[in-house]
Amino acid sequence: PGFGGPEMLAASLALLASGGPLPPPFPPASPAPPPSPPALPPAPPSDPCSDDPAYALCSSDCNCDDPRNKGCGCDYWRGYECKDGGFGWNSEREKADLLRACPVACTDVVNPCPPPPGPPDPPPFPPDSAPQPPPNPPPSAPPSPTPPPFPPDAAPRPPP
């Protein structure tokens, strides 16, 4: 007996007459495949003021095991511009991750962090112990004109 032949029709009619459920006309369809997960946005570094030590992009262009490549992370890019990528960092996602992970190493990233603070200001002096300017010197008497070598009436006179 083949599938869907007269025997199947007779069996279906008998089930229908008895009030029982009918078999499905076709085998159940396989479930739909689950939707693919959404693309995850790149994770920001834990500290935007420093390079992410866990960041690396190992690929055929950058062998992470080669010590000359410095792990293919931020140290690999230290002192270079990063916005245009290159050296295996070619996709927009790879370049964005690089810029986000290496704000200190990349020379073309505007680091949002202020420079480290300078030395603290010295403490203010209490009012009574603040340094005082030196006292003014006492006023001096105006200088007197240079006296003549002899008193006017005692000046030598020519002989008569």
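By convention here, the first residue in the shown sequence is residue 1.
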Side chains of [X] and [Y] in contact at under 4.5 Å (non-hydrogen atoms):
X   : Y   : value
E94 : L57 : yes
R78 : D51 : yes
C82 : W89 : no

If I compare all heavy atoms of C74 with all of A101, which pair ends up nearest, and what's the gap? SG-O, 3.4 Å

Quick check: closest heavy atoms across A56 and G71, and the distance to 0.1 Å? CB-O, 3.4 Å

Between atom [atom1] of [X] and atom [atom2] of [Y], what is the distance when rounded to the nearest 0.5 Å?
X    : Y   : atom1 : atom2 : result
C62  : F87 : SG    : CZ    : 10.0 Å
N69  : C58 : CG    : SG    : 9.0 Å
N90  : K95 : CG    : NZ    : 7.0 Å
D108 : K83 : CG    : NZ    : 5.5 Å

Looking at the rings of Y55 and W77, which for Trp means the six-membered one, are their centres under 6.0 Å apart? no

Quick check on the hydrophobic clustering: are Y80 and L98 connected, directly or via other members, by side-chain heavy-atom contacts under 4.5 Å? yes

